[in-house]
Amino acid sequence: MSWFNSSKQNESALSKLSDKVFEKSLLCAEVLKPDLEKKFGKDSKEFHSKYIPVLLEFMYFFLHLTNRSAFAQLGHEKRNILYDELARLTIDATIETYFGHWPKNLKDGMERDFCDNLSNSEMEYAGCKELLLKPEDDTPTFEKIMSGAKSKSMIGQLTDNLSQIIEGEISLDPIFRMTICGVVIESLKKKEIQDLVSEASKEIK
């Protein structure tokens, strides 16, 4: 049984929060779409093999930011309740949206992969103390080249993860890094996630 009023699920703040996470992730992924189409071919199999993981990486990132906001506003126990429900809603909606036509066993496999990747991403992003760092305060470029070490900021680590998905390695391209930073910062200006976390907390029983 869900912890919010199931008869009003479609109107719940939690559902709106899940929708907002998806919306922000999609808007960010769409910024990269033209370059992905140019590089891999529009609607090609290789394009989709890159675009979907890119979209999901943005989702892991925004879910982590939501997790942090929930902890700051609600504390440990209520954060766990809210985040568990939010993750379930978001995973189910994403799989139905993109893989709803797949057989059940394949969708179940996608769900397991999503949960595993989300858990791994949570641990990675949790190790970052700052949303963004100046280059001189972040992981040195030489260290990234030699050891594959990732950035110590959340946006920096997101950028590293995205470049690994697209290029197979951590990209040092400054334009790519500025693009990711710009689109993420712009998406966070309205503080919609924080506001919806506050609203959703009122539904916790």
Side-chain angles (χ1 to χ4, degrees), residues 20-36 38-40 46-72 76 79-80 83 86-87 90-91 94 110-189 191 193-194 197:
K20 185 59 64 178
V21 166
F22 180 78
E23 174 190 311
K24 288 183 179 294
S25 303
L26 184 61
L27 288 173
C28 288
E30 287 295 297
V31 171
L32 299 182
K33 189 174 182 179
D35 285 341
L36 292 175
K38 184 177 180 180
K39 183 174 292 188
F40 301 109
E46 191 172 7
F47 163 78
H48 288 291
S49 75
K50 301 292 185 179
Y51 178 77
I52 295 299
V54 162
L55 172 62
L56 294 179
E57 188 60 42
F58 277 115
M59 292 183 72
Y60 305 146
F61 174 80
F62 283 111
L63 281 168
H64 176 73
L65 289 187
T66 305
N67 197 9
R68 287 194 179 217
S69 180
F71 180 75
H76 178 71
R79 182 277 305 270
N80 286 348
Y83 186 74
L86 174 66
T90 306
I91 290 169
T94 302
M110 282 296 304
E111 182 175 349
R112 286 192 296 272
D113 289 344
F114 195 123
C115 290
D116 289 344
N117 291 335
L118 177 59
S119 178
N120 291 336
S121 292
E122 276 293 332
M123 288 189 287
E124 270 198 338
Y125 287 123
C128 302
K129 294 183 179 179
E130 302 291 340
L131 181 66
L132 190 62
L133 288 169
K134 295 178 181 178
E136 59 267 29
D137 297 325
D138 208 342
T139 305
T141 299
F142 178 77
E143 190 176 336
K144 288 190 174 187
I145 295 172
M146 296 305 294
S147 69
K150 294 182 181 179
S151 294
K152 294 182 284 188
S153 72
M154 284 177 272
I155 291 179
Q157 199 162 112
L158 167 66
T159 306
D160 291 341
N161 290 342
L162 290 169
S163 67
Q164 284 185 322
I165 291 169
I166 298 169
E167 304 288 350
E169 60 185 6
I170 293 178
S171 171
L172 303 178
D173 180 1
I175 296 177
F176 181 76
R177 305 190 81 81
M178 286 190 292
T179 298
I180 302 303
C181 181
V183 72
V184 170
I185 293 297
E186 183 64 29
S187 73
L188 296 176
K189 281 183 177 178
K191 300 184 182 300
I193 285 178
Q194 292 94 318
V197 165

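Inter-residue side-chain proximity for Leu188 and Leu65 is flagged as met; some heavy-atom pair is nearer than 4.5 Å. At a threshold of 4.5 Å between non-hydrogen side-chain atoms, the residues Met154 and Leu158 do not count as touching. Residues Val31 and Ile180 form no side-chain contact, since every pair of their non-hydrogen atoms from C-beta on lies 4.5 Å or further apart. Looking at heavy atoms from C-beta onward, Lys39 lies in side-chain contact with Ile166 at the 4.5 angstrom threshold. Between Lys24 and Leu27 the shortest side-chain heavy-atom distance does not fall below 4.5 Å. Between Phe47 and Lys33, some side-chain heavy-atom pair lies under the 4.5 Å cut-off. In this structure the side chain of Phe58 reaches within 4.5 angstrom of the side chain of Val184, judged on heavy atoms. Contact of the Asn161 side chain with the Glu124 side chain is registered, since non-hydrogen atoms from C-beta on lie closer than 4.5 Å.
Here the straight-line distance linking atom CG of Leu55 with atom CG of Leu162 works out to 10.5 Å at 0.5 Å rounding. Distance check: Ile52 CD1 to Ile165 CD1 gives 11.0 Å after rounding to the nearest 0.5 Å. Put simply, CG on Asp138 and CD on Glu136 are 9.5 Å apart, with the number rounded to the nearest 0.5 Å. To the nearest 0.5 angstrom, Phe40 atom CZ is 5.0 Å from Lys50 atom NZ. Rounded to the nearest 0.5 angstrom, Tyr125 OH and Leu131 CG are separated by 11.0 Å. One finds the CG atom of Asp35 at 10.0 Å from the CD1 atom of Ile175 (value rounded to the nearest 0.5 Å).
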For Gln164 and Lys150, run side chain to side chain contact (heavy atoms under 4.5 Å, CB included): C-alpha distance rounded to whole Å, both residues' side-chain angles, the deciding distance at 0.1 Å, then the answer.
CA-CA 11 Å; Gln164 284 185 322; Lys150 294 182 181 179; 3.5 Å; yes

Run Tyr60 and Asn120 through side chain to side chain contact (heavy atoms under 4.5 Å, CB included) and show every step you take.
CA-CA 9 Å; Tyr60 305 146; Asn120 291 336; over 6 Å; no

Trace of the side chain to side chain contact (heavy atoms under 4.5 Å, CB included) decision for Thr159 with Thr179:
CA-CA 9 Å; Thr159 306; Thr179 298; over 6 Å; no

Run the side chain to side chain contact (heavy atoms under 4.5 Å, CB included) test on Phe62 and Ile193 for me, step by step, so that the C-alpha distance in whole Å, both residues' side-chain angles and the decisive distance to 0.1 Å come before the verdict.
CA-CA 9 Å; Phe62 283 111; Ile193 285 178; 4.1 Å; yes

So Tyr51 and Glu46, side chain to side chain donor-acceptor pair (under 3.5 Å) or not? Walk me through it.
CA-CA 9 Å; Tyr51 178 77; Glu46 191 172 7; over 6 Å; no

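Qualifying ring-ring contact (aromatic ring centres under 6.0 Å, His included) partners for Phe176, counting only residues two or more places apart in sequence or in other chains: none.
Between the side chain of Ser69 and the main chain of Thr66, no donor-acceptor pair closer than 3.5 Å is present. Counting only distance, with no hydrogens or angles, the side chain of Arg177 and the backbone of Ser171 share a donor-acceptor pair below 3.5 Å. The closest donor-acceptor contact from the side chain of Lys144 to the backbone of Ala149 lies at 3.5 Å or more, if one exists at all. No side-chain donor-acceptor contact under 3.5 Å links Lys152 to the backbone of Lys129. With hydrogens and angles ignored, the 3.5 Å screen pairs a side-chain donor or acceptor of Ser163 with a backbone N or O of Asp160.
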Could you pull out all donor-acceptor pairs under 3.5 Å where a side-chain atom in residues 112-119 meets a protein atom, sequence neighbours excluded?
unit_1, atom_1, unit_2, atom_2, d
Asn117, ND2, Asp113, O, 3.2

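Smallest separation of non-hydrogen atoms from Ile155 and Phe61: CG1-CZ, 4.0 Å. Pairing each heavy atom of Ser121 with each of Glu57, the nearest pair is OG-OE2, 4.2 Å. The two residues Ser151 and Gly156 have their closest heavy-atom pair at CB-C, 3.4 Å. Across all their heavy atoms, Cys181 and Leu132 have their closest contact at SG-CD2, 3.6 Å.
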